[in-house]
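For reference, positions follow the sequence shown, starting with 1.
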Amino acid sequence: MIDVLIAGAGPNGLMLACELALAGVHPVVLERHAAPVGEPRANGLVGQVVRLLDRRGLYARLSGENTPPVPQPAFTFGAFPLDLTMLAENPHYVLGVPQAQLEAALAARAAELGVDVRRGHEVVDLRQRPDAVEVRLADGTHLTSRFLVGADGGRSIVRRLAGIDFPGVTNDRSVSRTATVTVPASSLDPDTGGLRVPGYGVVPPFQHTRTEQGLIAWAPFPGRPAILSTTEWPDTATSDETPMDLAELRASVARVLGVDIPLGAPDGPALLRRLAGRNTRIAAHYRAGRVLLVGDAAHVHPAIGGPGLNLGLQDAVNLGWKLAATVSGWAPPGLLDTYETERRPVAERVVMSTQAQSALIAPGDEVTGLRELFAELLAKPEVTGHVAELMSGADISYPADPADPLAGRCAPDVVVHGYNGPTRLAELTRAARPLLLDSTGTYAAVAAPWRDRVDVVTGRLEGTPATALLVRPDCFVAWSAGDADTLRASLTHHFGLPR
């Protein structure tokens, strides 16, 4: 019997497969497409997920750098520029890699870990038993697995077959157009990389710019074609049955800015995409028996601010260790159910953020007045800091002991000074195992009965006020420096009874 079947070989499905494989569980990934689609989708990773990738050894592969990620000095929220240099602690990270590159890196990592990825296999039916899930594929093949995870996108067939509702709203007022383009060299601002538009001014790079007619964004990615996108709120619905062309985008730009700009197509394959309307939905449940949902199968929302991969990949890592513990037999009662209780509120906050931004970019005098007020608020560091934490996911706090100030929060970037010299937490978490960091040398004996599943590292801790930290495989703190009894209780609560 297969340990875990994962439907979908996108970033979330592949990340989950890697997490399971690191934990000694053998997943099989089913992908309906015979080969990677290669269609341009997300243009980068935004938020705390960049630190997470660093803690799995994937950041260096994707960035080509051997140094840790550093916070981004600026970003955007609802077409407002965010000056993050005013913050004492900046939580916002950005990694500008296209989704196809991310998928390729995760596929390579999955292959290294021995994950069985089967392309050209589509799930068409499932039946749950008390101890397994039976899956039928489009070619008539039947597979049996202990668990099935739907990572198959917003139109998830797994979600539908499991009978999980997908409530939410569809707003069909807006139309977004996106394309890879070239522009004359004279149209580029040499100082900022912005788009110089005679009769309008400069459209700044990597920001949303709102006018009373719509929204425009200019993204001159280094080493690859620039991307230009617009959003409008037309009076009548726009059909998406006819393919979009560059002339359609140029006409949209002229409506948004009030002036025409020349656009050319890049060499090679070009992105031309029109999206009418927005979906905002969260699955009624993330689990139905032995079927679970991850990523867009569990939630969809507007893409503004780029929170999708930040949310989905952290879903996968949260689920991975809990599902592996359940398959391996050491999970404490109810552990798998905490996947939904921890991650669903995070999805609700992302939906709130994207809805707020959608309201701030809409046309109308009332919105303009709201934006004037919001601009005043963002001049205050405490407001910008709050928004930055929301955008990056740094405000996540899972249910934990209220007497423990660090429990339930993402682990800080601790450096352990031991006999091997200084070691970053990111170097200690690549095996995705529970980890006890102990600067006192007294807690190792307490954790010894769990040594089959919890690693212990001793040394002086830099970067945290705690003298000891128990870190979950998803890099969230389970416990911080209480006494032996509270550590023992946390070990049992998170990682089950000792063998």
Quick one: does Arg159's side chain have a donor or acceptor within less than 3.5 Å of a partner on Gly154's backbone?
yes

Any side-chain heavy atom of Arg409 within less than 4.5 Å of one from Ile396?
no

So that I can tick it off, tell me whether Arg51 and Asp54 are bridged by a salt bridge, with the cut-off set at under 4.0 angstrom between side-chain N and carboxylate O.
no

Donor-acceptor pair, distance only, cut-off 3.5 Å: does the side chain of Thr141 make one with the backbone of Leu137?
no

With Trp479, which of Asp401, Thr486, Asp404 fulfils side-chain hydrogen bond (donor to acceptor under 3.5 Å, both in side chains)?
Thr486

For the pair Trp321 and Phe476, evaluate ring pair (Phe, Tyr, Trp, His ring centres under 6.0 Å) and give the outcome as yes or no after the intermediate values.
CA-CA 12 Å; Trp321 72 274; Phe476 276 74; over 10 Å; no

Ser176 and Thr231: side-chain donor and acceptor closer than 3.5 Å?
yes

So, for Ala9 and Val117, which heavy atoms are closest and what is the spacing to 0.1 Å?
CB-CG1, 4.4 Å

Heavy-atom count check: over 12 atoms from other residues, nucleotides or ligands less than 6.0 Å from Asp452 CG?
yes

Can you tell me how far apart CG (Leu95) and CG (Leu102) are? Round to the nearest 0.5 Å.
8.5 Å

Test item: Glu134 side-chain N/O and Arg129 main-chain N/O as donor-acceptor pair under 3.5 Å:
no

If only atom types and distance count, is the side chain of Ser353 paired as donor or acceptor with the main-chain N or O of Arg349 below 3.5 Å?
no

Any carboxylate oxygen within less than 4.0 angstrom of a Lys/Arg side-chain nitrogen, looking at Arg55 and Glu427?
no

Pairing donors with acceptors under 3.5 angstrom, does anything connect the side chains of Arg281 and Thr170?
yes

Heavy-atom count around Arg460 CZ within 6.0 Å, excluding the residue itself: above 12?
yes

If the condition is side chain to side chain donor-acceptor pair (under 3.5 Å), which residues does Thr178 pass it with, not counting sequence neighbours?
none

Quick check for you: to the nearest 0.5 Å, what is the distance between Asp116 atom CG and Ile2 atom CD1?
7.5 Å

I need the Ile164 CD1 to Leu292 CG distance, nearest 0.5 Å.
8.0 Å

Is the shortest heavy-atom distance from the side chain of Phe495 to the side chain of Ser490 under 4.5 Å?
no

Are the charged groups of Glu112 and Arg61 less than 4.0 angstrom apart, N to O?
yes

Main chain of Pro11, side chain of Gln99: is a donor-acceptor contact present, judged purely on distance under 3.5 Å?
no

Test side-chain hydrogen bond (donor to acceptor under 3.5 Å, both in side chains) on Arg278 and Ser174; report intermediate values, then the result.
CA-CA 7 Å; Arg278 291 188 175 97; Ser174 64; 3.2 Å; yes

Less than 6.0 angstrom separating the ring centers of Phe75 and Phe206, yes or no?
no

How far apart are the C-alpha atoms of Thr492 and Leu497, what are their side-chain angles, what is the distance that settles it, and do they pass the side chain to side chain contact (heavy atoms under 4.5 Å, CB included) test?
CA-CA 5 Å; Thr492 304; Leu497 294 170; 3.9 Å; yes

Arg136/Glu122 salt bridge by N-O under 4.0 Å criterion
no

Checking Arg472 side chain against Leu435 main chain: does a donor-acceptor pair fall under 3.5 Å?
no

Mark yes or no for whether Arg453, through its side chain, and Trp450, through its backbone, hold a donor-acceptor pair below 3.5 Å.
no

Is the number of heavy atoms from other residues, nucleotides or ligands under 6.0 Å of Glu382 CD greater than 12?
yes

Is a side-chain donor or acceptor of Glu340 paired with a backbone partner of Tyr286 at a separation under 3.5 angstrom?
yes

Distance in Å, Arg287 CZ paired with Leu336 CG, rounded so as to fall on 0.5 Å steps:
4.5 Å

Are His92 and Gln48 packed together at the side-chain level, in the sense that at least one heavy-atom pair is separated by less than 4.5 angstrom?
no

Taking the side chain as every heavy atom from C-beta outward, state whether Arg433 and Val454 have any atom pair closer than 4.5 Å.
no

Is any side-chain heavy atom of Leu469 less than 4.5 Å from a side-chain heavy atom of Asp438?
no

Just wondering, do Arg343 and Leu319 contact through their side chains at under 4.5 Å, heavy atoms?
no

Minimal heavy-atom distance between Ala347 and His299, with the atoms involved, is CB-CD2, 3.9 Å

Side chains of Asn310 and Leu45 in contact at under 4.5 Å (non-hydrogen atoms)
no

Do Asp296 and Arg155 sit within salt-bridge range, that is, some charged N less than 4.0 Å from a carboxylate O?
no

Identify the heavy atoms of Leu313 and Leu52 that sit nearest to each other, and give their distance.
O-CD2, 4.3 Å

Here the pair of heavy atoms bringing Ser328 nearest to Val25 is OG-CG2, 4.0 Å

Residue pair Asp474 / Gln314, side-chain donor-acceptor N/O under 3.5 Å:
no

Taking the side chain as every heavy atom from C-beta outward, state whether Leu84 and Pro71 have any pair of such atoms under 4.5 Å apart.
no

Identify the two heavy atoms, one from Tyr339 and one from Val294, that lie closest to each other, and give their separation to 0.1 Å.
OH-CA, 3.5 Å

Can you name the closest pair of heavy atoms from Ala7 and Val123 and give their distance?
CB-CG2, 4.2 Å

Run Val414 and Leu437 through side chain to side chain contact (heavy atoms under 4.5 Å, CB included) and show every step you take.
CA-CA 9 Å; Val414 174; Leu437 305 178; 4.3 Å; yes

Kindly compute the distance separating CG (Leu20) from NE2 (His26), expressed to the nearest 0.5 Å.
11.0 Å

With Glu462, which residues qualify under side chain to side chain donor-acceptor pair (under 3.5 Å), at least two apart?
His417

Verdict with reasoning, Arg56 to Leu53, per side chain to side chain contact (heavy atoms under 4.5 Å, CB included):
CA-CA 5 Å; Arg56 288 297 187 263; Leu53 292 175; 5.7 Å; no

With respect to Asp125, which candidate in Ile157, Val135, Leu161 satisfies the side-chain contact (heavy atoms from CB on, under 4.5 Å) definition?
Leu161

Per the salt bridge (Lys or Arg N to Asp or Glu O under 4.0 Å) rule, what does the pair list look like for residues 21-32, sequence neighbours excluded?
none

Is it true that a side-chain atom of Arg430 and a backbone atom of Ala426 form a donor plus acceptor pair closer than 3.5 Å?
yes

Could you walk me through whether Leu323 and Val149 pass the side chain to side chain contact (heavy atoms under 4.5 Å, CB included) check?
CA-CA 10 Å; Leu323 187 53; Val149 179; 3.9 Å; yes

Main chain of Pro399, side chain of Glu342: is a donor-acceptor contact present, judged purely on distance under 3.5 Å?
no

Which distance, rounded to the nearest 0.5 Å, do you find between the CG of Leu5 and the CZ of Arg118?
7.5 Å

